[in-house]
Colleague: 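Below is a structure I'd like to ask you about.
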Amino acid sequence: MEIEMMTESSEVLKRRDYKYGFVTDVETEDFPEGLSEDIINHLSDIKNEPDFIREYRLKAFRYWQTLEEPEWAQLNYPKIDFQALRYYSAPKQNTDGPKSMDEVDPEILETFKRLGIPLGEQARLAGVAVDAVFDSVSLGTSHQEELEELGIIFCSFSEAVEKHPELVKKYLGKVVPYKDNFYAALNAAVFSDGSFCYIPKNVKCPLDLSTYFRINSAGTGQFERTLVIADEGASVSYLEGCTAPQRDENQLHAAVVELIAMERASIKYSTVQNWYAGNENGEGGIYNFVTKRGLCAGNHSHISWTQVEAGSAITWKYPSCILKGDYSRGEFYSVALTNDHMQADTGTKMIHIGKHTNSKIISKGISADHSVNAYRGQVKILPSADHARNYSQCDSMLVGKNCSADTYPFIEIQNKTATVEHEATTSKLNADQLFYLESRGLDEEEAIGLLLNGFCKDVFKELPLEFSVEAVKLLEMKLEGSVG
Amino acid sequence: MLNISGLKAKVGDIDVLKGLDLSVSAGEIHAIMGPNGSGKSTLGKVLSGHPEYDVVSGDVNYEVNFKNKDITTLSSDERAKEGIFLSFQYPVEIPGVPNEEFLRASFNALCKHQGVEEMSAEAFADFVRSKAKDMKVDESFLTRDLNVDLSGGEKKRNELLQMAVLSPRLSILDEIDSGLDIDSLKIVGEGVNKLRNEENSFVLITHYQRLLNYIEPDFVHVLHDGKIIKTGDKTLALEIEDKGYDWLI
């Protein structure tokens, strides 16, 4: 464990604004605040859900009520009053929902356009299939027909419940059971929408699939659920992006993502998280409490998580891999940037069960201003996992004054044939490095970009190209003014 | 090319330069010597615009497009774009950034400023290798991360390579000789002589006369307590080598 405090003085320049902080003015259908069995039944009613989902929700809710909010993470925030939250908010629609993108409220389409997310007509031109989630509901999914020809199912979670209940029933909660943790139980009780994806045997998904999450309404939590299944020999690359308006109060986002890779299947899941992080005094921002886990169920399967965490007042997430199949591989590549008063406690768990399983963890934490940034990870080699290997590298970079970086690696080895390596470094992005680059003709922005790129290189190279360009820009923008 | 008059500068609350005058014309080499703490390195930092060094008063005029321009308000990247180069006494390590990538970014930033077409990665690869050969720098430096795991002497030679690539008009070499073995010193000396021409100038900041055996200065200045107290030709350096600074102070 390393703890280092910075006391160096830094000059705070004017920060660029959060450009996604606007609110869309749409009429919504909202639930009253609070959570009860009535609310859950009501949610199930309006979504017209089969009994197995309703039962699942209620079981999860009853279990959740027995739980206490976890406090083990290195996070500091006032207790959340779960009865003061609203658990459902959806834009009002004329009928049962839009039949196609063309029926979506133009105001909302405009929102996604401003966010740079192509929907409707634009989406047909772009080479990415998008599922857009606005508050509690999915607005629709692009490229569905093309994907259907290959047998790929890519739709909102609600649509999957309606059209493919057998698949949902088979896999829902198999990787993240509702008993997993406090927020997973809460999500299982109240999840409203999300994305669902099934890639059939031996199909390589020709498009990147992506989900874009947008929180718009005030006082509403977003609880989406994503389930991605790659059948034998299938492969898919999945992207996820998130933004929210700028508000003074905190908002809760408690998602669950489950990935399942069968024999020789491969899933690559990339996230660029840019939820509103609060202002420079630490007021407002999203609480991002997320459970993400992948199961390498089959032999030679492969799951890779890549995340760029640059937003949210608080981030609490550990995208993990359960390496059950022999020769399966799990990877976790992460860049977590915190500035102002942001707090991040993030990392991964690699659970080795199968023989010759292999995992790799590359974590880059950047903390600036008064922020707190922790890597928390677990590598567990079970007795059955002969010849398992893990390589972990956790690097922290401190920028400016009063920030801290911590590393909490837990390693548990129950099999003598395992090979486990862990490396960690802590460095400072300092004025001397910047001056050196600037004295060679690079302006401040170019210099910071080069330094960040250097530090995060091993993670950025895992991102799809467009995402990686976006990610560098996002980090540069966030750090502007923090380097003195 | 460079005219400094009455320059006073401080770092934090400490006054370091206390009325320094220096004039450098195109094609000249000036050596600045002086005891520890006299302000030699500060002069280099101030000229290249280090943000922690504040100019209190005085003028620093530098010729840009045949006109004298006060550069004290320019940021360090703007000064670099106008052809001012500082070779660092302790070059900074930048992990994850390959030397060649960094050099190309710098080179193209300068091209862009001068309205010259930027160089492609392929063309630059050839260009930088020819410069490395000229400066007798091993090609392997180019693919390594900037200054990471280089010895003190190798870092200095990497500074020389950067200077060769960026071809500045005014180069300030801050103790380029410190940490160099005798062979490297010779190579650095030859490198500077190769880069020298009628249009560029060098300011060599050094403690030791031996560098001047390889790079012959036109002027030698002695800096003490933030001011130049004596100026002479190369024989002054020999005299200092012999007698130290006490007789001047």
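Sequence lines set the chain letters: A, B, ... in the order given, protein chains first and strands last, and positions in each chain run from 1.
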Colleague: For B/Asp149, is the CG atom crowded, meaning more than 12 foreign heavy atoms sit under 6.0 Å from it?
Modeller: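 Check fails, neighbour count at 12 or below.
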
Colleague: For A/Asp432 and B/Tyr90, does a side-chain donor sit closer than 3.5 Å to a side-chain acceptor?
Modeller: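 No.
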
Colleague: Contact between A/Leu437 and B/Leu146 at the side-chain level, heavy atoms closer than 4.5 Å - yes or no?
Modeller: yes

Colleague: Under 4.5 Å heavy-atom distance to chain A, tell me which part of B/Glu101 shows up: side chain, backbone, both or neither.
Modeller: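 It is the side chain, since no backbone atom gets that close.
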
Colleague: Is B/Pro91 in contact with chain A via its backbone, its side chain, both, or neither, using a 4.5 Å heavy-atom distance?
Modeller: both

Colleague: Evaluate side chain to side chain contact (heavy atoms under 4.5 Å, CB included) for A/Lys457 paired with B/Asp145, printing each intermediate quantity in order.
Modeller: CA-CA 12 Å; A/Lys457 190 167 64 177; B/Asp145 287 352; 4.2 Å; yes

Colleague: Give me the atom names and distance for the closest heavy-atom approach of B/Ala109 to A/Gly441.
Modeller: CB-O, 3.3 Å

Colleague: Could you pull out the closest heavy-atom pair between A/Ser439 and B/Ala80, with the gap in Å?
Modeller: O-CB, 3.3 Å

Colleague: Tell me whether the count of non-hydrogen atoms from other residues, nucleotides or ligands lying under 6.0 Å of CD in A/Glu423 goes above 12.
Modeller: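 Enclosed: over 12 neighbouring heavy atoms sit under 6.0 Å from CD of A/Glu423.
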
Colleague: Using every non-hydrogen atom in the two residues, find where A/Arg440 and B/Glu159 come nearest and quote the distance to one decimal.
Modeller: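 Residues A/Arg440 and B/Glu159, closest heavy atoms: NH2-OE1, 2.7 Å.
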
Colleague: Where on B/Ser75 is there a heavy atom nearer than 4.5 Å to chain A: the side chain, the backbone, both, or neither?
Modeller: neither

Colleague: Pick one of side chain, backbone, both or neither for B/Gln162, based on which atoms fall under 4.5 Å of a heavy atom in chain A.
Modeller: side chain

Colleague: Describe, in one word, how the ring planes of B/Phe88 and A/Phe435 are oriented to each other, choosing from parallel (under 30°), tilted (30 to 60°) and perpendicular (over 60°).
Modeller: tilted

Colleague: Please classify the contact of B/Leu166 with chain A as side chain, backbone, both or neither, using a heavy-atom distance under 4.5 Å.
Modeller: side chain

Colleague: Would you call A/Leu451 and B/Ile94 a side-chain contact if the rule is heavy atoms closer than 4.5 Å?
Modeller: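 Touching, per the 4.5 Å side-chain cut-off.
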
Colleague: Answer yes or no: are there more than 12 heavy-atom neighbours, outside B/Lys112 itself, under 6.0 Å from its atom NZ?
Modeller: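 Open.
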
Colleague: Using side-chain heavy atoms (C-beta onward) and a distance below 4.5 Å, is B/Ser106 in contact with A/Glu446?
Modeller: no

Colleague: Which region of A/Tyr436, side chain (C-beta onward) or backbone (N, CA, C, O), has a non-hydrogen atom less than 4.5 Å from a non-hydrogen atom of chain B, or is it both or neither?
Modeller: both

Colleague: Can you tell me how far the CG atom of A/Asp443 sits from the NZ atom of B/Lys81, to the nearest 0.5 Å?
Modeller: 5.0 Å

Colleague: Is the number of heavy atoms from other residues, nucleotides or ligands within 6.0 Å of CZ (B/Arg196) greater than 12?
Modeller: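 Counting neighbours around CZ of B/Arg196, more than 12 heavy atoms of other residues, nucleotides or ligands fall under 6.0 Å, so yes.
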
Colleague: With a 4.0 Å cut-off, would you call B/Arg79 and A/Glu438 a salt bridge?
Modeller: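 Looking at B/Arg79 and A/Glu438, the cut-off is not met.
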
